[in-house]
Amino acid sequence: MTAEPTVDLAAVLAGARLLPVLTVPSAATAGPLADALAAGGARCAEVTFRTPHAEQVLKTMAAHGGLAVGAGTVLTPEQAERAVAAGARFVVSPGFDEEVVARCRELGVPVVPGVATATELMRALRAGLDTVKLFPAEPLGGPRTLRALAAPFPRMRFVPTGGIDAYRMAAYLADPAVLAVGGSWMATPAHLERGEYAEIRRLTADAVDRSAT
């Protein structure tokens, strides 16, 4: 029997409307990165499972204490298990996979699958979910597409991600169906490779301010 998540994503994010999406090339940068994000006012972060060091990065950032850290780009149930074991408080996938959703629910963690069509939204509803990731948001048509997809699903909340930057986020956050906006512009792999933690803090603080207006 499938277990219900002990908390939903809104509770994990604790009102945060900004979700930094992080692809971290080196585990050594995880601690300073967590410090910079938290100092900039971020309350959560998504660590993508796109690098060999993703689990260690997730462990380090989850231990920071100032951030609710989840795992992104989770493609398989086995990855979901590893992510939760490393400390992930939520799981995000680029698409909708029934096995990943089911395993996350068994593990008791919120799962946010990606959707791009009304058909996928119907599958998410049938799976008992109330929050999905619109991906890739900008290439799909941005806020206009979001509004069109959200209209037939008034109980569904969205976390749009993909091509969004500091200037585009406001249009998404203005939609009541949007729970939070995900983006990678605050802390890119290039920032991390150059050790630009002050810039990460500045960009994060700017994004947090924009998300609050």
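For K59 and E55, the salt-bridge test fails: no basic side-chain N is under 4.0 Å from an acidic carboxylate O. By the 4.0 Å N-to-carboxylate-O rule, R210 lies close enough to D206 to be salt-bridged with it. A salt bridge is defined here as a Lys NZ or Arg NE, NH1 or NH2 lying under 4.0 Å from an Asp or Glu carboxylate O, and R103 with E106 meets this definition.
Interatomic distance, CD1 of I200 versus CE of M186, reported as 10.5 Å (0.5 Å rounding). Separating the CG atom in L9 from the OG1 atom in T131 is a distance of 5.5 Å, to the nearest 0.5 Å. The structure places OH of Y197 at 12.0 Å from NE2 of H191, a figure rounded to the nearest 0.5 Å. If you take OG1 on T204 and CD on E199, they are separated by 9.5 Å, rounding to the nearest 0.5 Å. Distance check, rounded to the nearest 0.5 Å: CZ of F96 to CG of L121 gives 10.0 Å.
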Start with the C-alpha distance between V178 and R17, add both sets of side-chain angles, then the distance that settles side chain to side chain contact (heavy atoms under 4.5 Å, CB included), and finish with yes or no. CA-CA 9 Å; V178 171; R17 306 204 69 201; 4.3 Å; yes
Evaluate the salt bridge (Lys or Arg N to Asp or Glu O under 4.0 Å) criterion for residues R123 and E98: first the C-alpha distance (whole Å), next the side-chain angles of each, then the deciding distance (0.1 Å), finally the verdict. CA-CA 9 Å; R123 290 168 63 193; E98 287 87 350; 2.6 Å; yes
Practice item. Give the intermediate values and the outcome of side chain to side chain contact (heavy atoms under 4.5 Å, CB included) for residues V47 and V69. Key: CA-CA 7 Å; V47 175; V69 184; 3.8 Å; yes
Practice item. Take L140 and L134 through the test side chain to side chain contact (heavy atoms under 4.5 Å, CB included) and record every step on the way to the result. Key: CA-CA 9 Å; L140 284 173; L134 179 65; 3.8 Å; yes
### Query
Can you check side chain to side chain contact (heavy atoms under 4.5 Å, CB included) on R155 and D130, steps first, answer last?
CA-CA 7 Å; R155 297 181 182 178; D130 63 6; over 6 Å; no
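Within the 4.5 Å cutoff, the side chain of R43 has no heavy atoms near those of the L67 side chain. Proximity of L146 to D175: side-chain heavy atoms (C-beta onward) are separated by under 4.5 Å at one or more points. Using a 4.5 Å cut-off on side-chain heavy atoms (C-beta onward), E193 and T188 make no contact. Taking 4.5 Å as the limit, every side-chain heavy atom of P160 sits out of range of all side-chain heavy atoms of K133.
Looking at T117, its side chain does come within 3.5 Å of a backbone N or O of E120 through a donor-acceptor pair. Although no hydrogens or angles enter the test, the distance criterion places no donor-acceptor pair under 3.5 Å between the side chain of T161 and the main chain of F135. T48 places a side-chain N or O within 3.5 Å of a backbone atom of L22 that can act as its donor or acceptor partner.
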